[in-house]
Amino acid sequence: QVQLVESGGGLVQAGGSLRLSCAASGLTFSTYAMAWFRQAPGTERKFVASIGRSGINTYYADSVRGRFTISRDNAKNTVYLQMNSLKPEDTAVYYCAARVPPPGAAVGGTAAYDFRYWGQGTQVTVSP
């Protein structure tokens, strides 16, 4: 079955960096667009970043653009999220997600319901 396993979360001070990884199995990784979402307590899950199948096309939420970088290694079936200049408001559980993009699109929609497969999440906590 399909598994997405996130790692790399933790506690970091504001201004610091973390690199999240998401290892995929049970699917043909190179045929899936990948994304990261996050969810803080009491809020809905929100889009953070996404990447097309080849890794060329990337998209970011306004709140993280310029600070976060999404990338993928299709040989390793892994997607990454490099997070720099972290802020306390970045504190959340971070989830990776996978979807087959619609024809002609690098990723397609970036709503949570657009993505079929999800990981269990990894906690990121940024202290002031």
Side-chain angles (χ1 to χ4, degrees):
Q1 74 275 22
V2 175
Q3 281 194 309
L4 302 178
V5 180
E6 302 96 335
S7 61
L11 173 65
V12 64
Q13 287 188 328
S17 298
L18 283 175
R19 189 194 196 202
L20 305 184
S21 299
C22 172
S25 61
L27 73 165
T28 305
F29 185 72
S30 61
T31 65
Y32 281 77
M34 302 297 296
W36 289 94
F37 288 77
R38 65 187 183 187
Q39 188 169 19
T43 70
E44 62 182 21
R45 197 167 296 188
K46 295 180 181 178
F47 170 77
V48 174
S50 62
I51 188 166
R53 291 169 292 183
S54 67
I56 294 174
N57 300 96
T58 57
Y59 307 91
Y60 296 93
D62 289 343
S63 58
V64 307
R65 187 175 291 112
R67 300 188 297 122
F68 291 11
T69 302
I70 188 171
S71 62
R72 66 189 295 162
D73 185 338
N74 286 347
K76 295 183 178 180
N77 288 3
T78 302
V79 62
Y80 305 97
L81 186 67
Q82 178 66 44
M83 305 186 294
N84 299 330
S85 302
L86 282 161
K87 305 175 181 180
E89 51 263 44
D90 294 319
T91 295
V93 177
Y94 283 70
Y95 299 89
C96 72
R99 69 164 296 176
V100 175
V107 176
T110 54
Y113 59 72
D114 289 320
F115 287 80
R116 180 173 183 182
Y117 299 114
W118 291 85
Q120 296 283 73
T122 186
Q123 176 70 46
V124 171
T125 303
V126 184
S127 63

Original post:
For F37, which residues count as a ring-ring contact (aromatic ring centres under 6.0 Å, His included) partner, sequence neighbours excluded?
Top reply: F47, F115, W118
Original post:
Among the clusters formed by ILVMFWY side chains lying less than 4.5 Å apart, do V5 and I51 turn up in the same one?
Top reply: no
Subject >> Listed partners of Q82 passing side-chain contact (heavy atoms from CB on, under 4.5 Å), at least two apart >> reply: S17, R19, T69, N84
**OP:** Tell me, please, which residues at least two apart from R116 pass salt bridge (Lys or Arg N to Asp or Glu O under 4.0 Å).
**Re:** none
Subject >> Closest approach of T110 to S50 (non-hydrogen atoms, all atoms of both residues) >> reply: CG2-OG, 4.0 Å
Subject >> Connected via hydrophobic side-chain network under 4.5 Å: L20 and V126 >> reply: yes
Subject >> Approximate separation, where rounding is to 0.5 Å, of F29 CZ and C22 SG >> reply: 7.0 Å
Original post:
Within a strict 4.5 Å, meaning less than it, do heavy atoms of the W36 and V79 side chains meet?
Top reply: yes
Original post:
Is there a donor-acceptor pair under 3.5 Å between the side chain of E6 and the backbone N or O of Q120?
Top reply: yes
**OP:** Kindly write out the residues that satisfy side-chain contact (heavy atoms from CB on, under 4.5 Å) with A105, not counting sequence neighbours, or none if the list is empty.
**Re:** P102
Subject >> Pairwise side-chain contact, D90 with M83, heavy-atom cut-off 4.5 Å (strictly under) >> reply: no
Subject >> Co-membership, hydrophobic cluster, residues Y95 and V64, 4.5 Å side-chain >> reply: no
Original post:
Any side-chain heavy atom of D73 within less than 4.5 Å of one from S71?
Top reply: no
Original post:
Closest heavy-atom contact between A98 and Y32?
Top reply: CB-CD2, 3.9 Å
Original post:
Within a reach of under 6.0 Å around CD of E44, are more than 12 heavy atoms found that belong to other residues, nucleotides or ligands?
Top reply: no
**OP:** Hey, could you give me the CZ/OG1 distance between R38 and T91, rounded to the nearest 0.5 Å?
**Re:** 9.0 Å
Original post:
With sequence neighbours left out, which residue pairs that include part of residues 52-71 fulfil the ring pair (Phe, Tyr, Trp, His ring centres under 6.0 Å) condition?
Top reply: none
**OP:** Applying salt bridge (Lys or Arg N to Asp or Glu O under 4.0 Å), name anything that partners R72, two or more places apart in sequence or on another chain.
**Re:** none
**OP:** Report the distance from atom CE of M34 to atom OH of Y80, rounding to the nearest 0.5 Å.
**Re:** 11.5 Å
Original post:
About how many Å separate OG of S21 and CG of L81, when rounded to the nearest 0.5 Å?
Top reply: 9.5 Å
**OP:** Would you confirm whether R99, through its side chain, and G109, through its main-chain N or O, come within 3.5 Å as a donor-acceptor pair?
**Re:** yes
